[in-house]
Structures are given as structure tokens and as C-alpha cells.
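In the text below, chain A, chain B and the rest are named by the order of the sequence lines, each starting its count at 1. What you see is a predicted model, and the numbers here were worked out from it, not measured in a lab.
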Amino acid sequence: MRMSNLLSQTLREAPSDAEIPSHQLLVRAGYIRQLAAGIFTAMPLAKRSLTKIEDIMREEMDAIGGQEMTMPVVHPAEIWKATGRWEKVGPEMGRFQDRNGRDMVLAMTHEEAVVAIIKDEIQSYRQLPMLIYHIQTKWRDDPRPRGGLIRVREFTMKDSYSLDRDWAGLDLQYANHYQAYFRIFGRCKLPVIAVESDVGMMGGNMAHEYMYLTPVGEDTLLLCDECGYSANRQIAKFQKKSASTEKAKKLKKVATPAAKTIADLIEFLKIPEYQTAKVVFMMAVIQDGNVEKEKLIFAIVRGDMDLNETKLMNAVGAKQLRPAEESEIISVGAVPGYASPIGLKGILVVVDDLIPDSPNLVAGANEDGYHLMNVNYGRDFIADVVTDITAARDGDACPNCSAAMKAVRGIEVGNIFKLGPWYSEAVGATYQDADGEEKPVVMGSYGIGSGRLLASVVEEYNDEYGLLLPISVSPYEVHLVELAGGKKESKEIKETAEKLYQDLKKAGIEVLFDDRDESPGVKFNDADLIGIPLRLTVGHRVLKEGGIETKLRSESEKNIIPLDQAVDNTKETIRRLYDQVEKSLKTVEFES
RNA sequence: CGGGGUGUAGCGCAGUUGGUAGCGCGCCGCGUUUGGGACGCGGAGGUCGACGGUUCAAGUCCGUCCACCCCGACCA
């Protein structure tokens, strides 16, 4: 590709609304342009990088038996109604009507499209197991896109779906993906860790997220350096210790005027934070038979801890959760700021499992200006559910080995999910087993967003001058710079560079040729910004010595090689760069 | 949806007490220059986010709305 004809302009300054490095650099280097919030155009450079990433995904999916297909982006609402997600998913889903007034959906994921196909196509156990995948656009109307390509509304995703007779088959395909995903990220040279994640509403019994650790990430993870435990904060467990072993004392009402928060309370009563009980009011949508009901939940955690809403949702089987309005709290007889479940009826009480081990807590008296001291679980109140509902924090004890865990930020670059038979059952996607019985297909789903992966690679590999792409992800393998200038040798330089460009192409090398009439400074700076790993320079300085200059983007050292060896030498360097990627791959076994 | 911020040329920005819009980069032409973002001369490019109001006069004052960014909520 000649840069004189490339649709891509580099910018000296990043747009002021780009904050994180990958966003700034991808825009400055001419890879992407923004059209609207969370909607981007991939310019020719980005398109080539994305294609490389997607080809890596293809190869790794094919290697574990995947077959590529393409499922539609626009779906009739019926298939989403069949799984219940037409109602369940909120405004995040794109909906419109076609010219006949028929409800349509912009796909945000493709489980529905998969079961719509397999319902008709899979009839016998002889067809299973199977693995299908596609690389397709998704639309998710996220309330807050951010960070350039990190979190967008329209994006391309490789999603695969495993189809099996039973859970054992799913376990195998899941383990295959677990390894294949490490290979995909490894080939993109992106360091990732796999952490356990929330299975959410999808049922199933296991999910992992692949996280690239970076401060610009939006998920919080808990990691244990001692034993390797790792989990998304949404589900991270930790060891809790009771702060006190004292005997239960007599319940006592105390006046605590204007002490509505835990901070006020401990200041006023001169007690430690851990000796208080914090009530968090949430409204949860809970399925009760065939009807959905909204219920008020009293979630109680110790005053020094935070409620983990994901854990709470899982504890009560809630479909949705939101903070309760003050009026909703008052309507059950509780007094905001002075609330507790003591003496109240008809509410759903969920307490953290540490509460029964925490004697003599201070809790609200359900009376304006008063709290109760020496509240004890069991004696003074009981809960409908006692389970772990608190959020793990930096420094908390590892659930396996008790060592202090670290809380770090990460970007979710991929996830794998054991769905089970849920979707198949919902739409009657069954197969006939060897015993003659109709059984639902057991599914798994697995996703990697290609744009987010590219952004993460850029986030990992950049310096003050620009991108430093691994060759496996770089839009071109070689950046050829011609410095013809106005010298008397310029004709010779131009011709030499042109011939080298043609020879490199003939040798099957992907070349970006800077044939523009620009000053050396401009060309070198643009080359650094675009970040192709290998740069070749044809200029009078080195041509005098019968050679051309080579330089790796990642190193400052420059070498001169004879012109007649330029193609072979370049091939060799490229091969070495690919080898380095291959050698850095580690096999990661899946341990269940 | 709550909090904060920003909207003036492709990008970054300035614009005074309200008086009819400017700078740098980029872009076009000519010339000089040519190994780390050159220089001179000439030029193109703006319904100042939108709508409404105040005023003789609005980029500037007032109101409403919209878009975009950041934090939070949310996130199959």
C-alpha cells in the first residue's frame, strides 16, 4: 500500500475527548474515527489489524473443530420472545419495526439465532458434538460507552456456540475453549488471566472471563498471589472473621439524634464501625411462579463492609435490582436512617453470613432519632436468607489460603460460558438420543470482541511516539520509507525504493510504502506513530554504502544491510518476529 | 438515570465592556529546502451545537433542547 493513496491522516494532537492512550493513539495514527458515542469507523489500517485478529480467532476455532458461518444481525422479535429475552432485556436491545409493522431486533448476541437453527437442523445425537461460530456485528445500546474502542455500542465479536448431548460433552468443549482463548490472546501478545465470573441469569454452572489487567479497565478483580485464586469482584469470595467474641448483652434503645449514617453513628456512640449493622434497601424483581413481583429487600451487612449487589441478586434469584425509593422504605414501616428489620413483618430480609457471628451490633430502632444497641441475630431478628452478600476488597483474606488478596482493574476481553440446556429447552431444540428419548441440546457460548482486543493490545504496547504493535496484529509487516528529497541522487533513491517495494510485495511481504513527498521528520514520526514493527529506510546516506537501513520499532538500534540482501533479510526478520510470538505461547491447562 | 465538564474551520485552541470571527497545525498553488514533525509568498475553508428570547446590534446576555467526554448506576 502506498501512503500517498492511503485513507488515513495522522494527527499531531489527539481529539480532546480521547482520554485513554489506546483511544488517543488509534485516532492520532489514523486507525479509527468516531461517528457517534460508541460507534466507530475502522479506517483501512484498523481494518487490516482487525482482520488479522479475526484470522487468528478463525484458526484457533477451526483447530478445536469449529465451523464458521454467518448469522443475521437483524432478527424477528419472535425468536427473542421464545426465549423470554424480548421482555427481559431492557433498552440495551435495539428494536424497530419493519415496513409491515413487525417487531424486529438488532442482535446483541446470537443464542436465539443459534437455537432457531438447531431446532430444525439438529435431530440426532449422531450430529453431536458440534461447534459453530461466526464473526459478526452486535448492537448493544449501552448507557455509557467509554474509552474509545474499549466499550462501544456497535462492535464485532467472534462468538462460538458448542452443542452437546450432555454436560460431559460441554465440559470438554469448554475446556477446549479455555485453552484456545489463551492461544488467541497469546498470539496477539496480550497478557491475560482467566477469572471465575458470575453466571448471572443464564443458568449454567460455570463462566470464566479473560481479563487484561490495566488501570483503565472497568472491572475489579480479586487476585491471590499465594495460591492463584482469582475472581471478578462480582462473585469474589473471601474469608470473614468475627470481630468480637463477647456474649450477647441486653437490648437497649438509645437516642441518636441526627445520626443517619454509619459514619455519624460511630462518631456519636464512640463505637467501632464493625459493631454496627448496615441496612441497604433494594427493590428486586423476583419470579414467583409465572408472575414477576417487585419486592423490597432488607439487605444487612456489617457496617464496615459493602453490599455486593451481584451476590444479593443471586441469593434471592432476582432478575433485576435497584435501590429503593424513600417512600417504598417508609411504606413498610421502616424509618430511613434509623431502619432495621426488628419488629417488621412482610419484608424479605437477607443478611450477610457474618452477621450471626457478630454479637451486640448497633442497628436502627425504626423510630426517628433512635438506635438499638446489643442487637443479636437469632434473638432479636431472623432473616429469610443468610448467605455471603458482601463485596471483597483489597487486602481481604483469600478464601483458599487466607493470604491478603489484591484488588486490581481489568478489561474483559473474552468470556466463556456453560449455558446448559436452558435455551434449547425454551424453544424445544431437542435431539433424539441413542435411547430414543428427545433431549435438549446442551450449549456453551464463548465470545471475544475484536475491536476491544485491538484496543487492549494498543493499551499494552505503546510509547511516547505511538503504537508498538506485535507483528501478528500489525496492519502491515514492513514500513518502507523513501527519503528521496531534492538531492541529485533523488531519482536513484526513488527508483531503488520503488523496486524494493515491488520486490518485497513479490516475496509475499505486506508493505506500507511511504512514497509521499514529505520531509524525513514527518515520515519517521508517522512511522513511529503507526507502529509497524519493522521499518526499512532508503535514503542517500545509506545508499552510498550500497545498502538500506533497517530498524525495529521496539528498538533504537539501526542496521545497514546490502541492497541485494534486503528482501531475504526482511523475510528473515519477519519470520523471527512471528517465531517470537509462537515461542511465547504457553499451554494453559483447564482445571475445573 | 444522578453528578461533573465541553461544544467556535479537519485537529488543538483564543475571542475583552454585546459592535458582525481569529491563531497554530493540517489542506490547495508557486518557489526554496530534504535523515527525526523545514521556510517564504499567495489561497480555500466557519448557518460560532440547535431553537427561541432580550437588543439598533448576540460567538458573547437569558431560556429550552441536543450532542460529546468523565465519574457513578447499568452491562446477555
Taking atom types as modelled, find out whether [X] and [Y] have a side-chain donor-acceptor pair closer than 3.5 angstrom.
X	Y	result
A/His177	A/Ser160	yes
A/Ser4	A/Asp515	yes
A/Ser22	A/Glu459	yes
A/Lys494	A/Thr496	no
A/Asn232	A/Asp198	no

Which one, [options], comes nearest to the side chain of [X]?
X	options	result
A/Pro520	B/C70, B/G37, B/U34	B/U34
A/Glu13	B/C70, B/G24, B/G36	B/G24
A/Arg85	B/C68, B/A76, B/C27	B/A76
A/Thr10	B/G37, B/G24, B/G26	B/G37
A/Asn415	B/A76, B/A38, B/G72	B/A76
A/Lys551	B/C13, B/G36, B/G37	B/G36
A/Ser16	B/C13, B/G36, B/C69	B/C13

Could you state the [atom1]-[atom2] distance from [X] to [N], rounded to the nearest angstrom?
X	N	atom1	atom2	value
A/Ile150	B/C69	CD1	P	14 Å
A/Arg12	B/G24	CZ	C1'	10 Å
A/Glu218	B/C71	CD	C1'	13 Å
A/Asp517	B/C30	CG	P	12 Å
A/Arg33	B/C68	CZ	C1'	17 Å
A/Asp17	B/U8	CG	P	11 Å
A/Asn525	B/G26	CG	P	12 Å
A/Glu19	B/U6	CD	P	13 Å

Students often get this wrong, so: under 4.0 angstrom with heavy atoms, is [X] touching a base, only sugar-phosphate, or nothing?
X	result
A/Arg535	base
A/Gly147	sugar-phosphate
A/Val542	base
A/Ala14	sugar-phosphate
A/Pro143	base
A/Val89	nothing
A/Gly521	sugar-phosphate
A/Gln234	nothing
A/Gln34	sugar-phosphate
A/Pro91	nothing

ask   = Does the base of B/A73 carry an N or O that pairs as donor and acceptor with the side chain of A/Arg322 under 3.5 Å?
value = no

message = If you go through the side-chain atoms of A/Arg144, does one of them form a donor-acceptor pair with the base of B/G4 closer than 3.5 Å?
response = no

task = Answer with yes or no after comparing the ring centroid distance for A/Tyr446 and A/Phe417 against a 6.0 Å cut-off, counting only values under it.
result = no

task = Would you indicate whether A/Lys81, at its atom NZ, is surrounded by more than 12 heavy atoms from other residues, nucleotides or ligands within a distance under 6.0 Å?
result = yes

Option passing side chain to side chain donor-acceptor pair (under 3.5 Å) with A/Tyr212 (candidates A/Arg452, A/Glu460, A/Glu412) = A/Glu460

query = Could A/Arg95 and A/Trp80 be counted as a cation-pi pair, given that NZ or CZ must be under 6.0 Å from the ring centre and within 45° of the axis?
reply = no

query = Taking the six-membered ring of A/Tyr174, is NZ or CZ of A/Lys418 closer than 6.0 Å to its centre and within 45° of its axis?
reply = yes

message = Here's a test of your reading of the structure: between A/Arg28 and A/Phe155, which maps to the more 5' nucleotide of RNA chain B?
response = A/Arg28

query = So which one's nearest nucleotide on RNA chain B is more toward 5', A/Glu309 or A/Val522?
reply = A/Val522

task = Begin with the C-alpha distance, continue with both residues' side-chain angles, and end with the deciding distance and a verdict on ring-ring contact (aromatic ring centres under 6.0 Å, His included) for A/His110 and A/Tyr161.
result = CA-CA 9 Å; A/His110 281 79; A/Tyr161 301 89; 7.4 Å; no

Taking [M] as the reference, what is the distance to [N] when you measure between their [atom1] atoms (whole Å, please)?
N	M	atom1	value
B/G26	B/U20	C1'	27 Å
B/U60	B/C28	C1'	33 Å
B/G19	B/C25	C1'	31 Å
B/G49	B/A9	C1'	15 Å
B/C48	B/G22	C1'	12 Å
B/G37	B/A50	P	39 Å
B/A73	B/A57	C1'	47 Å
B/U16	B/G7	P	13 Å

request  = State, yes or no, whether a side-chain contact exists between A/Lys158 and A/Ile53 at a heavy-atom distance under 4.5 Å.
outcome  = no

Output one line per pair: protein atom, nucleotide atom from nucleotides 41-44 of chain B, and distance, for all N/O pairs under 3.5 Å.
none

ask   = Tell me, which stems hold RNA chain B, with a stem being 3 or more Watson-Crick or G-U pairs in a row and both distances under 3.5 Å?
value = B:1-7 with B:66-72, B:10-13 with B:22-25, B:27-32 with B:38-43, B:49-53 with B:61-65

ask   = Between A/Tyr178 and A/Tyr210, what is the ring plane arrangement, given parallel below 30°, perpendicular above 60°, and tilted in between?
value = tilted

message = Below the 4.0 Å mark, does B/A38 have OP1 or OP2 next to a side-chain nitrogen or oxygen of A/Ser519?
response = yes

query = Hey, does the side chain of A/Ser490 come within less than 4.0 Å of B/U34's phosphate (OP1/OP2), counting only N and O?
reply = no

